[in-house]
Amino acid sequence: MTHLDRTRDILRDLIAFPTVSADPNLDMMGYIADLLDAHGARVDLIHDATGRKCNLFASLGPEIDGGVMLSGHSDVVPVTDQDWSRDPWQMWEEDARLYGRGACDMKGFIAATLALAPSFASRNLRRPIHFAFTHDEEVGCLGAQSLVDALRDRDARPSVAIVGEPTMMGVIEGHKGCCEYTTRFTGLEGHGSAPDLGVNAVLYAVRYVNRLMQLAEEMKSRAPAGSRFNPPWTTVNVGRLAGGVAHNVIPGKAELDWEMRPVQDADARHIKGALEDLVATELLPEMRRIWPEADITTETIGEVVSLHPVKDNAARHLIAELTGANSADVVPFGTEAGLFQSLGMSVVVCGPGSIAQAHKPDEFVALDQLSQCLTMLERLGQSCAA
């Protein structure tokens, strides 16, 4: 059986686990743990506080510092209300493509790493190869944050990380941060015929959104000189605004989901400071003049740090040796890579498939992309044994 055949079989199994972020991932992680354990890997399952989800960290080779970590996330986005041509949880092959939820984002990469595990195990590795698979990347990189904490306490840590998000096997050395929030507005319900007697939570949420959009425009003038991102400035997005129950009722509750993707930490501080000032000096005083118990609270869903391009990046140099790539790029979407960089690792993002397929119906990864990834991983095994 070829490495590609084995990857295809493993990917079929992985896609069959419906690991939507809202649901447990334990069955899939147990499958991976059994597979790696069968090849002699040292496997740790690190559970979250609920016990319904876990990260997996496994190692082959000597227990020393300086290993190479292959990183991916186990969770996928929902398929609800998407128009799939077939069952998204049953992989199918057509036109040299493998289809199914998570095929490129990012179970294809995970399957490729697992397909190479027997090859890695058969070598006399002088440099360890680690497998790091996390939960809840799609909802704030929650698993990676706890994995970083666990790795910080280890005596032997990886020094290089390859995060296999879909990049068409291009080398990514930088990306924006991704900060996600939910802001909740608590007002006072009343009859729509007497709006001055209630506190309309939706209207205050709209004013908050208006300030967000003003700040989004301000960010365009703050783009750092020479920024390589597209767009080059920090972006702001309003993803959801919900509130109210009927045409003739003053809404007492509203909820707003929003995000920003900062290119520099100062932008994030500026946006949060401006919103805090709006709430403290305008919105809350007005709301509480009518009803003292009115409130506005913001929950941080996740604050994923950016991946900063650095001049001397051992991960970039390694990938160049393995793939022949002579350039590296930056992207606007966020990954777990910045978290690993914060631990002192050299990090790049490089994996099979296109980000354009991620989160869409009939998601797929092309077989030639998996073949390129497998070639890179085969060479990695050779490099770590040299």
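Treat the numbers as computed from the prediction; the structure is a model and nothing was measured.
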### Message
Determine whether a donor-acceptor pair (N or O, by modelled atom type, separation under 3.5 Å) exists between the side chain of S21 and the backbone of D136.
### Response
no
#### Entry: Heavy-atom side-chain contact between V305 and Q341 under 4.5 Å
no
### Check: R288 side chain, A294 main-chain N or O, donor-acceptor pair, under 3.5 Å
yes
#### Entry: M260 vs L215 side-chain heavy atoms within contact, under 4.5 Å
no
### Query
For the atom pair CG (N55) and CG (L151), what is the distance rounded to the nearest 0.5 Å?
9.0 Å
### Candidate pair D13 and M28, rule side chain to side chain contact (heavy atoms under 4.5 Å, CB included), full reasoning
CA-CA 9 Å; D13 291 342; M28 175 174 154; over 6 Å; no
### Task
Write down the atom of D105, the atom of A358, and the distance for their closest heavy-atom approach.
OD2-CB, 3.7 Å
#### Entry: Polar side-chain atom of R101 near backbone of I15 as donor-acceptor pair, under 3.5 Å
no
### Message
I'd like to know if L283 and L203 are part of one continuous hydrophobic network [Ile/Leu/Val/Met/Phe/Trp/Tyr, side-chain heavy atoms within less than 4.5 Å].
### Response
no
### Query
Can you tell me if S383 uses its side chain to pair, donor with acceptor, with the backbone of R379 under 3.5 Å?
no
### Query
Can E336 and H73 be counted as having a side-chain donor-acceptor contact under 3.5 angstrom?
no
### Query
Got more than 12 heavy atoms from elsewhere within 6.0 Å of CG, N248?
yes
### Message
Would a single hydrophobic cluster contain both I162 and V171, if residues Ile, Leu, Val, Met, Phe, Trp and Tyr are joined by side-chain heavy-atom contacts under 4.5 Å?
### Response
yes
### Message
With a 6.0 Å cut-off (strictly less than), is the heavy-atom count around CG of D265, excluding the residue itself, greater than 12?
### Response
no
### Task
Name all pairs fulfilling the side chain to side chain donor-acceptor pair (under 3.5 Å) condition that reach into residues 106-126, sequence neighbours left out, sorted by first residue then second.
T19-K107
### Query
Could you state the interatomic distance from SG (C384) to CG (L60), rounded to the nearest 0.5 Å?
10.5 Å
### Query
Are I355 and F109 in one and the same hydrophobic cluster, where Ile, Leu, Val, Met, Phe, Trp and Tyr link if side-chain heavy atoms are under 4.5 Å apart?
no
### Message
Using side-chain heavy atoms (C-beta onward) and a distance below 4.5 Å, is W258 in contact with V209?
### Response
no
### Query
Should K272 and T298 count as side-chain neighbours, where that means a heavy-atom distance under 4.5 Å?
no
### Query
Between NE2 of H47 and CZ of R52, what distance do you get to the nearest 0.5 Å?
12.0 Å
### Message
To the closest 0.5 Å, what do you measure between OG1 (T186) and CD (E293)?
### Response
10.0 Å
### Message
Between E282 and R211 (salt bridge meaning N to carboxylate O under 4.0 Å), is one present in this structure?
### Response
no
### Query
Would you call D23 and K53 a salt bridge, taking side-chain N to carboxylate O under 4.0 Å as the test?
no
### Message
Any carboxylate oxygen within less than 4.0 angstrom of a Lys/Arg side-chain nitrogen, looking at K176 and D267?
### Response
no
### Task
List the steps, then state whether side-chain hydrogen bond (donor to acceptor under 3.5 Å, both in side chains) holds for H135 with S74.
CA-CA 6 Å; H135 64 84; S74 66; over 6 Å; no
Can you give the donor-acceptor pairs under 3.5 Å from side chains of residues 188-196 to other protein atoms, not counting sequence neighbours?
residue, atom, partner, partner atom, Å
H191, ND1, S193, N, 3.0
H191, ND1, S193, OG, 2.8

### Query
Between E259 and R261, does at least one N-O distance fall below 4.0 Å, as a salt bridge requires?
yes
### Task
Start with the C-alpha gap between R97 and Q357, add the side-chain angles, then the distance that decides, and say whether side chain to side chain contact (heavy atoms under 4.5 Å, CB included) holds.
CA-CA 12 Å; R97 296 171 173 175; Q357 293 302 317; over 6 Å; no
### Task
For residues C350 and M376, determine if any side-chain heavy atom of one lies less than 4.5 Å from a side-chain heavy atom of the other.
yes
### Query
Does R316 reach the main-chain N or O of K311 with its side chain, forming a donor-acceptor pair under 3.5 Å?
yes
### Summary
Residues G51 and L26: closest non-hydrogen pair is O-CD1, 3.3 Å
### Query
What are the two closest heavy atoms between H39 and A117, and how far apart are they?
CD2-CB, 4.4 Å
### Message
If you define the side chain from C-beta out and look only at heavy atoms, does anything of S346 sit under 4.5 Å from H317?
### Response
no
### Task
Mind checking side-chain contact (heavy atoms from CB on, under 4.5 Å) for T2 and listing every partner two or more places apart, or none if nothing turns up?
L4, D5
### Query
Quick one: does E363's side chain have a donor or acceptor within less than 3.5 Å of a partner on A103's backbone?
yes
### Message
One pair to check against side chain to side chain contact (heavy atoms under 4.5 Å, CB included): I110 and F131. What are the steps and the verdict?
### Response
CA-CA 9 Å; I110 294 174; F131 304 80; over 6 Å; no
### Message
Could you check whether any side-chain heavy atom of P62 comes within less than 4.5 Å of a side-chain heavy atom of P128, counting everything from C-beta outward?
### Response
yes
## Note on the structure
d(N200 CG, I250 CD1) to nearest 0.5 Å is 6.5 Å
### Task
Can you establish whether the number of heavy atoms outside E63 located under 6.0 Å from its atom CD is more than 12?
no
### Message
Strictly distance-based, threshold 3.5 Å: is any side-chain N or O of E180 a donor or acceptor partner for the main-chain N or O of G302?
### Response
no
### Query
What's the verdict on side chain to side chain contact (heavy atoms under 4.5 Å, CB included) for I172 and T335, showing C-alpha distance, side-chain angles and the deciding distance?
CA-CA 11 Å; I172 302 302; T335 76; over 6 Å; no
### Query
Is any side-chain heavy atom of F17 less than 4.5 Å from a side-chain heavy atom of I32?
no
### Query
So which heavy atom on P224 is nearest to which on Q264, and how close?
CG-OE1, 3.6 Å
#### Entry: ILVMFWY cluster, V43 and L116 together (side-chain gap under 4.5 Å)
yes
### Task
Taking the six-membered ring for Trp and the full ring for Phe, Tyr or His, determine whether the centres of H175 and F333 are under 6.0 Å apart.
no
### Message
Count I, L, V, M, F, W, Y as connected when their side-chain heavy atoms are under 4.5 Å apart, and connections chain through other members. Are F57 and L380 then in the same cluster?
### Response
no
### Query
Where is the tightest heavy-atom contact between D75 and E138, given as atom of each residue plus distance?
OD2-N, 2.8 Å
#### Entry: Ring geometry between W92 and W84 (parallel below 30°, tilted from 30 to 60°, perpendicular above 60°)
perpendicular
### Message
Tell me whether S227 contacts the main-chain N or O of P232 through its side chain, where contact means a donor paired with an acceptor under 3.5 Å.
### Response
yes
### Message
Nearest 0.5 Å, please: how far is CD in Q372 from CE in M169?
### Response
6.5 Å
### Least distance between heavy atoms, L11 atom then G108 atom
CD1-N, 3.7 Å
